[in-house]
There are 2 protein chains.
Amino acid sequence: MTQTSPSVTGREKAVDALRELILRGDFPAGARLGEVELATRLGVSRTPVREALTRLAAEGLVELVPNRGARVSKWSVEELKGVFDLRTALEPELTALAVPKAGPDDVEELDRLARRMVEVGSPGAGQDLDALVPLNREFHGRLVTLAGHPALAGALASAVHAPIVLRNFHTYDETSLRRSLAHHAEIVAAVRAGDPEWARAVMTAHIRNARAVMVRAAREQENA
Amino acid sequence: MTQTSPSVTGREKAVDALRELILRGDFPAGARLGEVELATRLGVSRTPVREALTRLAAEGLVELVPNRGARVSKWSVEELKGVFDLRTALEPELTALAVPKAGPDDVEELDRLARRMVEVGSPGAGQDLDALVPLNREFHGRLVTLAGHPALAGALASAVHAPIVLRNFHTYDETSLRRSLAHHAEIVAAVRAGDPEWARAVMTAHIRNARAVMVRAAREQENA
DNA sequence: AAACCCAGATTTGTGTGCAATCTAGGACGG
DNA sequence: CCGTCCTAGATTGCACACAAATCTGGGTTT
């Protein structure tokens, strides 16, 4: 679902820039997004900014209330559950589809990403939870791209955004984090073995593990 | 996925009006959508029209090419298959979720819709395939709403649009059409019986039947 | 005759002004 | 003291104007 076209128009530039800003966490969830503020920051006028906001609203990244402007989306516990239900319905299937399409280079790259995540994710001196976010995006994104199924991928895209905005890896307890990293490695093994059902099963477990972590974190935050 | 808010702003008005125009078939698939033309037709300026177009593009109803305007979406055979894969992944699940939430009134209404579809859909003097389209939308829409799962429903929405734009019932052969109408009745029976798995299975069959019909029709059209 | 090229016309992209709406804060009355 | 009303500032929604890009048709060249 990444934008691959040249994007010469200001609107596309604004969409990509703003999406990246939000996904990278420059704006906290719930933050107000003033049109003039964004226009200044992105170096364009309000018009392309408005169009970018409507588009990101359609992607689910921002919420748009008439006459009251835009905010970075927030998710209630129930909404978060729903988002992970959606991932559960789609991402294991996409993973299974990706398996027969993965060539040696793809497996190699997935393996590299999984190993790198273990490096920066393991507790200790070198741990860097923020570095985990882009690596994780890349890992899941590669699998989705390999699947070669734009319709499913498009439907999944908005569901993948939610946990990213919530800066997820900081909410993992150590056990769940290790489990999650192990899942990545096991998915690579399944892909290498050419076993779609194995990959599907591990991805399902991976998502349900993440769901448990995120739901617990969101519930705690709601009660605070 | 239906817009329930008052929608006082011109943009919302434009989105809803334009979506309805496209779904009702006022514009054929692939038709060019000029901004000034739409602005005149909807009685607003180009600005809200542009925002409506970007939103409908996100819903998958229109395709937006930079500097070259908007067209009503067309689907290749491969894309159509993908869209039905998405429906297969989501709609049976939503149907199963709807079963325990349906009250007597809901069952009654679904039954009424299913019967009405048999009336206007059965070959003979009273057959009116165009009248089938809104009834079918209503039937599936009710089930989705009952499920009470906004995340899944949102992801499904774009997938439901595609067959509607293609004015689907004209492409059904008689056997497939009777089968489709029977599915509706059987889903009502499953809901009445409170059996989610039954409902899920029939909905899966319903979608695969539709998929076969649409794919065949699209392939013929592509070879013409 | 076919391909190319170039200007005019049309259409989209962007900036900006103004009206409508919302928000914050204080004055007023209970 | 608390709640309501009202006003001022700020922000969004929309329309319009201009700039940039694309499309069309006719004429020229090979």
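It should be emphasised that the depicted structure is a prediction, and the values quoted were computed from it without experimental measurement. Just so it is clear: chains get the letters A, B, ... in the order the sequence lines come, proteins before strands, and each one is counted from 1.
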I need the [atom1]-[atom2] distance between [X] and [N], as an integer number of Å.
X     : N      : atom1 : atom2 : result
B:L64 : D:dT22 : CG    : C1'   : 15 Å
A:N67 : D:dT11 : CG    : C1'   : 9 Å
A:K13 : C:dG13 : NZ    : P     : 15 Å
B:E51 : D:dC14 : CD    : C1'   : 9 Å
B:R46 : C:dG13 : CZ    : C1'   : 8 Å

Exercise. For C:dT23, take OP1 and OP2 only and decide whether either is under 4.0 Å from a side-chain N or O of A:R68.
Key: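 For C:dT23, OP1 or OP2 has a side-chain N or O of A:R68 closer than 4.0 Å.
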
Practice problem: Respond yes when some side-chain nitrogen or oxygen of B:R50 is under 4.0 Å from OP1 or OP2 of C:dT12, and no when none is. | Solution: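 B:R50 to C:dT12 OP1/OP2: no side-chain N or O under 4.0 Å.
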
Donor-acceptor contacts under 3.5 Å from residues 81-88 of chain A side chains, at least two apart:
residue	atom	partner	partner atom	Å
A:K81	NZ	A:E78	OE2	3.4
A:D85	OD1	A:R211	NH1	2.6
A:D85	OD2	B:H149	NE2	2.9
A:R87	NE	A:E91	OE1	2.8
A:R87	NH2	A:E91	OE1	3.0
A:T88	OG1	A:F84	O	2.7
A:T88	OG1	A:R208	NH1	2.8

Quiz prompt | Contact list for DNA chain D against residues 26-35 of chain B - heavy-atom distance below 4.0 Å | solution = none

Quiz prompt | For B:R50, all residues meeting salt bridge (charged side-chain N to carboxylate O under 4.0 Å, His left out), sequence neighbours excluded | solution = A:E51, B:E35

Self-check item: Pair of N/O donor and acceptor under 3.5 Å linking C:dG15 base with A:T47 side chain
Solution: yes

Practice problem: With heavy atoms under 4.0 Å as the rule, sort A:R11 into base, sugar-phosphate or nothing. | Solution: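 Counting heavy atoms under 4.0 Å across all strands, the contact made by A:R11 is with sugar-phosphate only.
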
Looking at [X] and [Y], does any basic side-chain N land under 4.0 Å from a carboxylate oxygen?
X      : Y      : value
B:R46  : B:E37  : no
B:R41  : B:D26  : yes
B:R112 : B:E108 : no

Self-check item: Sidechain-backbone polar pair: B:D106 side chain, B:G103 backbone, donor-acceptor under 3.5 Å
Solution: yes

